[in-house]
Amino acid sequence: MFGALDISTSGMIAQRTRLETLAANIASKDVLEDANGNYAPYQRRIAVFAPGDPSASSPSGRALGVHVSEIALSDDLRRRYDPTSKWADAEGYVMTPNIDPVIEQINMIEASRAYEANVAAAEATKAMTAQALRLIA
């Protein structure tokens, strides 16, 4: 009976995770050092979706919905000319995270709209269930 709500809920959780990942990418677009101060440019994170909901209690529920199967790391870095950086190579280039804030924001808008669509689907499911219960009573 609650399969449709579970599907919408799993979609909202997946999109929330995607939004958090995208926000972390934007916040870390200029990070070149790890917590210990070693040169380690931030690697862009990508939320990878997979079908199904492994946290569902029933076998049929595990086949429905979507979940984030992993947060993949992109090893793609961008070469930027900055001879003043302490991390510059002999030619004056520094390897920086390959994060375009505009692309990340576009992805955030898409994730927000998908989240909103799942909320609307959950609300419609609740309304239909309530109407069906009114008809029975």
Side-chain angles (χ1 to χ4, degrees):
M1 175 172 155
F2 297 111
L5 281 175
D6 290 340
I7 292 169
S8 297
T9 302
S10 72
M12 286 186 275
I13 292 168
Q15 293 299 340
R16 184 188 66 210
T17 303
R18 181 179 176 207
L19 281 166
E20 291 169 353
T21 303
L22 293 165
N25 287 343
I26 291 173
S28 304
K29 71 179 184 63
D30 296 320
V31 173
L32 296 178
E33 298 177 358
D34 63 12
N36 298 322
N38 300 317
Y39 179 65
Y42 178 83
Q43 293 179 290
R44 182 174 178 262
R45 270 69 169 163
I46 303 163
V48 179
F49 289 3
D53 184 4
S55 65
S57 57
S58 68
S60 61
R62 284 191 284 276
L64 303 173
V66 66
H67 70 283
V68 175
S69 62
E70 69 173 310
I71 304 292
L73 297 177
S74 171
D75 57 359
D76 188 26
L77 296 174
R78 181 180 297 168
R79 239 177 121 194
R80 186 181 76 210
Y81 185 72
D82 185 5
T84 61
S85 172
K86 67 180 180 179
W87 304 115
D89 62 14
E91 298 173 359
Y93 287 95
V94 180
M95 298 305 287
T96 61
N98 189 17
I99 296 172
D100 184 350
V102 174
I103 298 296
E104 298 297 314
Q105 289 175 346
I106 290 169
N107 287 334
M108 288 180 88
I109 291 169
E110 181 185 28
S112 294
R113 298 284 163 84
Y115 185 92
E116 292 168 3
N118 280 298
V119 169
E123 291 295 329
T125 301
K126 285 174 30 182
M128 287 187 288
T129 303
Q131 185 64 26
L133 289 173
R134 274 189 225 108
L135 290 173
I136 293 172

Hey, what do you get for [atom1] ([X]) to [atom2] ([Y]), rounding to the nearest 0.5 Å?
X: I71; Y: R18; atom1: CD1; atom2: CZ; result: 11.0 Å
X: R80; Y: M95; atom1: CZ; atom2: CE; result: 11.0 Å
X: D76; Y: N98; atom1: CG; atom2: CG; result: 4.5 Å
X: E110; Y: Q15; atom1: CD; atom2: CD; result: 7.5 Å
X: N38; Y: L32; atom1: CG; atom2: CG; result: 12.5 Å
X: I103; Y: I106; atom1: CD1; atom2: CD1; result: 4.5 Å

Discussion item. Walk me through whether E33 and K86 qualify under salt bridge (Lys or Arg N to Asp or Glu O under 4.0 Å).
Written reply: CA-CA 11 Å; E33 298 177 358; K86 67 180 180 179; 3.1 Å; yes

[Y] side chain reached by [X] side chain, heavy atoms, under 4.5 Å:
X: Y93; Y: D82; value: no
X: S10; Y: L64; value: no
X: I46; Y: T21; value: no
X: N25; Y: P101; value: no
X: R45; Y: L73; value: yes
X: M12; Y: V119; value: yes

Exercise. Step by step, work out the side-chain contact (heavy atoms from CB on, under 4.5 Å) result for D30 and T96.
Key: CA-CA 7 Å; D30 296 320; T96 61; over 6 Å; no

Measure across [X] and [Y] and return the closest heavy-atom pair with its distance rounded to 0.1 Å.
X: L19; Y: S112; result: CD2-OG, 3.8 Å
X: P97; Y: S28; result: CG-O, 4.1 Å
X: P51; Y: H67; result: O-CE1, 3.4 Å

Should I26 and Y42 be regarded as members of a common hydrophobic cluster, given that ILVMFWY residues are connected when their side-chain heavy atoms come within less than 4.5 Å of each other, either directly or indirectly?
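No, I26 does not connect to Y42 through the hydrophobic network.
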
Query raised in the report: Same cluster for V68 and V66 if Ile/Leu/Val/Met/Phe/Trp/Tyr side chains link at under 4.5 Å?
Result: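 Result: yes, single cluster for both.
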
TODO: Evaluate whether atom CZ of R78 has more than 12 neighbouring non-hydrogen atoms of other residues, nucleotides or ligands under 6.0 angstrom away.
DONE: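 Correct, the count exceeds 12.
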
- Is there a donor-acceptor contact under 3.5 Å from the side chain of D100 to the main chain of V102?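 Pair found, side chain donor or acceptor close to backbone of V102.
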
Output yes when E123 and K126 qualify as a salt bridge under the 4.0 Å nitrogen-oxygen rule, no when they do not.
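Yes, E123 and K126 are salt-bridged.
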
